[in-house]
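Okay, structure first, notes after.
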Amino acid sequence: MKLGASIEIQGLKKTYGPLTVVDRISLSVAPGEFISLLGSSGSGKTTTLMMVAGLTMPDAGEIVIGGREISRLPPEKRALGVVFQSYALFPHYTVFNNVAFPLRLRKVAEADIKRQVQEVLDKVGLSALGGRKIGQLSGGQQQRVALARAIVFSPPVLLMDEPLGALDRKLRDQLQTEIKRIQRDLGVTVIYVTHDQEEALALSDRIAVMKDGRIDQIGTPDEIYEKPGSPFIAGFLGESNFIDVTRGRNAGDDAQVVCVADLARSFVGRLANDAARATDLVAVIRPEAIEIAGDGTRLDNQIEGVVEQRDFMGATIRIAVRCSLGKLVVRVSRLHLATNCAIGRPVSLTWRSRDMLLFPRT
Amino acid sequence: MPYSRHQGLVTFAFLAPAIILLVAVLIWPVLDLVGRSFQDPGGPFVLYARLLEVPIYLRVLARTLLFSVATSLVCLVLGYPVAYALARARPLARAIILVCILLPFWTNLLVRTYGWILILNPQGIVNTVLLQLGIISAPLDIVYNFLGALIGMSQIMLPYLILPVYSVMVKLDPQLANAARTLGAGPVRTFVSIYFPLTLPGVMAGLLLVFTISLGFFVIPAILGGSGGLLLAQLIEFNVNTSLNWGMASALSTTLLAATLLLYMIGDRWLNLGAIWGLRR
């Protein structure tokens, strides 16, 4: 049974005094979609989620879920699952009673409650712990109980506010996988708030990057990573090199432009959409798009430099190279590091023009 | 290390003056008082037997219990919402509310008590206003009786209820109530099933505190309570100052002390009040 509902948010706005926290956000989410609101603290992502949950009243805008306008309903009439950052489990109840709480409110027969709670506890891998008090559970177990409680009454939409924020790396990875699996099984629509870009990239069908109360860019994880809409997003999702350049002549293709970094050097890069008329540009290059030119590898752009720093990251090696443009960060697979890149060695860096994105400088 | 060897001694030296004072003016006199209650010429338990036999003593005891229960409940009804507002208020509002709660503490007890007489007497503000508004046709009998004592007592005891309840409320995760709402509980159900049960330890601490203090309170019932409804503390005072029956006064005092200690033990053992008052985790 697939239970996901669509979500349509139109012009949602929230101000606290002179401060606009959420600034006329519009967003539409398909049934069963997993969408992340990604942003740093103060970007308005949690406030947006709380307005959908009904715990914060919007100043303006509408929220339509499964065709029903709910923005003025109290939270208990919305019937959405919510997982809080603090889990908000009831400490005076057992695990079982926590999960049974929404069912008891819905006057489900006690025998059915027993069966449904057991089912959902099985699903989150806590079958044996129904009798425990909340205080006797680990952080990861509490997280699972919070998830179980939020889905036990089959809500069409699940809202999650940094649900893995308090857990360590390993447990997060494990729970990420489980959240994704459970979401697919149920077909529930998810809005997931996080400040962790890796989490957003791994879990989401689409990501909405938020900044200053607005959605800066929305798209699939690959789209946002490969075609960031602004230098801000390029820096926020993954690592990027930024170089100030000036626009030169067109190079063949309309979008290909020669740009000049200083008097001596010019490069070929690709114009971002909104850079069509700008002269002062900033070039963005992902560290993994830059190669260290070994035996004659020569791509569209090239520059010489000296290795300044070298960090072993496990699967990849991160190398900082000092060159006339400043410092460029390069990320290469451990297996493909052919050239000797000891600190102080001269190296030649090279990258493709399509990997050098040009934005208007602000 | 020499320092740590002397540490216990140093600590004791700092505490010694207080300990000596406590023993001299509190512990020794109280033991003496308890001792006197068993030293009647007729036998050790004669005074306690009389306490059970003479109806006035039991009546006063029952009235005192009723008075303390009533005071505790009035404080709960008035104080719980104040504690809630205090816990949710922003820092400035919180400071203002706290000052308002503590202001009566900084006012002289007698001044406050006689102040109530001015407000509550048949020609006082309350009666004058109500009469002029036509809400009542004859002055209300609200001072020099049980009700008058209850009003004065509740005012003084209110902070003792508010503060423990508040200290539990501020530690509650505000998301708990929000979580209950999203799971389908309305505001009333959220309060009954989630919020109130979680503040219960503070409520019990406050009630117990108000109750035990009220049991032995003298000044307010003596001034506002009139002559009709004698309470235990007044009865003790009567035995000490008027009838000069010090043995009986000791027996009554010992009874009061025992009741208070018993209540405190119950509170500490079953309600873990020590933790709320910050004595242990």
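Convention: sequence-line order gives letters A, B, ...; per-chain numbering from 1. Computed from a prediction, not measured in an experiment: that's the story for all the values here.
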Region of [X] that comes under 4.5 Å of a non-hydrogen atom in chain A:
X: Thr190(B); result: neither
X: Asn178(B); result: both
X: Leu198(B); result: side chain
X: Pro187(B); result: both
X: Ala180(B); result: both

Pair His92(A)-Ile194(B), side-chain contact (heavy atoms from CB on, under 4.5 Å): steps then yes or no: CA-CA 8 Å; His92(A) 58 314; Ile194(B) 307 299; 4.0 Å; yes
Which of Arg149(A), Arg104(A), Arg78(A) touches chain B most, by non-hydrogen pairs under 4.5 Å: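 Of the options given, most contacts go to Arg149(A).
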By a 4.5 Å heavy-atom criterion (distance strictly below it), what part of [X] contacts chain B: side chain, backbone, both, or neither?
X: Leu89(A); answer: backbone
X: Tyr87(A); answer: neither
X: Phe153(A); answer: side chain
X: Leu55(A); answer: side chain

Test item: [X] and [Y] side chains (from C-beta on) under 4.5 Å apart, heavy atoms:
X: Leu176(B); Y: Phe84(A); value: no
X: Thr182(B); Y: Glu76(A); value: no
X: Phe101(A); Y: Ser193(B); value: yes

Minimum-distance pair of heavy atoms, taken over all atoms of Ser86(A) and Asp173(B):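 Between these two residues, the closest heavy atoms are OG-OD2, 2.6 Å.
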Over 12 non-hydrogen atoms of neighbours within 6.0 angstrom of NZ in Lys114(A):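 Not buried by this count: 12 neighbours or fewer within 6.0 Å.
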Arg72(A) CZ: over 12 foreign heavy atoms closer than 6.0 Å: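 Atom CZ in Arg72(A) is crowded, with more than 12 foreign heavy atoms closer than 6.0 Å.
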